[in-house]
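Residue numbers start at 1 and run along the sequence shown.
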Amino acid sequence: GTEAGGAAEQQRLRDLAGKIRAKKEAEAEKRRGEAECAGLLEEIRLQEEIRKKAEAAHREEQRKKEIEAIRLSVENQKRIIQYVLKRHQTETVNLLKETAHSGLGVIPLERISAVRDQNMFEIRQANANLSRHGFPNFRTERELMECVTDYEEKAAREHRAHAEAAEAHSRQRHREDYAQTLDRHRGHTRTLLEHCARSRKAAIPQEQMNALRWKTVEALKNINEELQRTGADPPVRTHTEMLKQLS
């Protein structure tokens, strides 16, 4: 009986040890499962964090691109406005030149209106594009008109300066022509005197001298008229004064 009781006790202890071992293994397995789950959750959290950062970076890049596109668009529209204004100035100068050559006092209204309407139409279009981005060049039609008028005044000043420079150049050229004409007359007179000396004549024949003087005086009169057209005072004004210069 004692042996049987001992065997039973040993069996109980073995069973107990097995249960303890199984419990420990179950607990270890549970901890492994929990650790794997925690690792998986951390991996998911990190992946989500990476995804959110990537999306934020993409949104920031898109925002920068949009801002740059707006900046470029604004700059382009501003350049277009400046280009059209300068073109309007150039076209107005050309109209002023045409008007001056034709002898008219002012540019015909239909000519300047056609140029002004076309250029203002293009400026309005560019300004409307700027307004859509919140950067209008002109907030009112009056501001636009004042700007266009300013460039027309610049054109008038440019044309006036060009005309004055051309007149000054013309006056200088005519004065040089006047002096050269007198020099040629003196040269021709010397040639006639030398010819008289070789021919042993006492003086230049009157008809030759008169013809030379007439030709020179006519040339001087033409130069004087050109000088007066430029608004300059001629060197001499009368036929008698011209003859004195030739003496």
Polar contact flag, side-chain donor to acceptor under 3.5 angstrom, R79-N76: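 Looking only at side-chain atoms, N76 and R79 do form a donor-acceptor pair, the distance falling under 3.5 Å.
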
Flag for T181-H185: side-chain donor and acceptor within less than 3.5 Å: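 Distance-only check fails for H185 and T181.
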
Result of checking E141, E143, R142 against R139 for side-chain contact (heavy atoms from CB on, under 4.5 Å):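 Exactly one pass, corresponding to E143.
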
Neighbour count above 12 (heavy atom, 6.0 Å) for R171 CZ: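 More than 12 heavy atoms, drawn from other residues, nucleotides or ligands, come within 6.0 Å of this atom.
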
Other residues, nucleotides, ligands: >12 heavy atoms within 6.0 Å of R45 CZ: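 Correct, the count exceeds 12.
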
Spatial distance of atom CD1 (I204) from atom CG (L212) [nearest 0.5 Å]: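 Output value for this atom pair is 7.5 Å.
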
Distance, nearest 0.5 Å, that separates CD of E91 from NZ of K86: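 NZ of K86 is found 12.5 Å from CD of E91.
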
In plain terms, say whether [X] and [Y] are close enough for a salt bridge, that is, a side-chain N and a carboxylate O under 4.0 Å apart.
{"X": "K154", "Y": "E158", "answer": "no"}
{"X": "E225", "Y": "K221", "answer": "no"}
{"X": "R51", "Y": "E55", "answer": "yes"}

Considering all heavy atoms, the nearest N127-P136 contact: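 Closest approach of N127 to P136: OD1-C, 3.7 Å.
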
Under 3.5 Å donor-acceptor, T99 side chain and L95 backbone: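 At least one qualifying donor-acceptor pair exists.
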
Option from Q206, Q208, E207 for which side chain to side chain donor-acceptor pair (under 3.5 Å) with N210 holds: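 Checked Q206, Q208, E207 against N210; only one passes side chain to side chain donor-acceptor pair (under 3.5 Å): Q206.
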
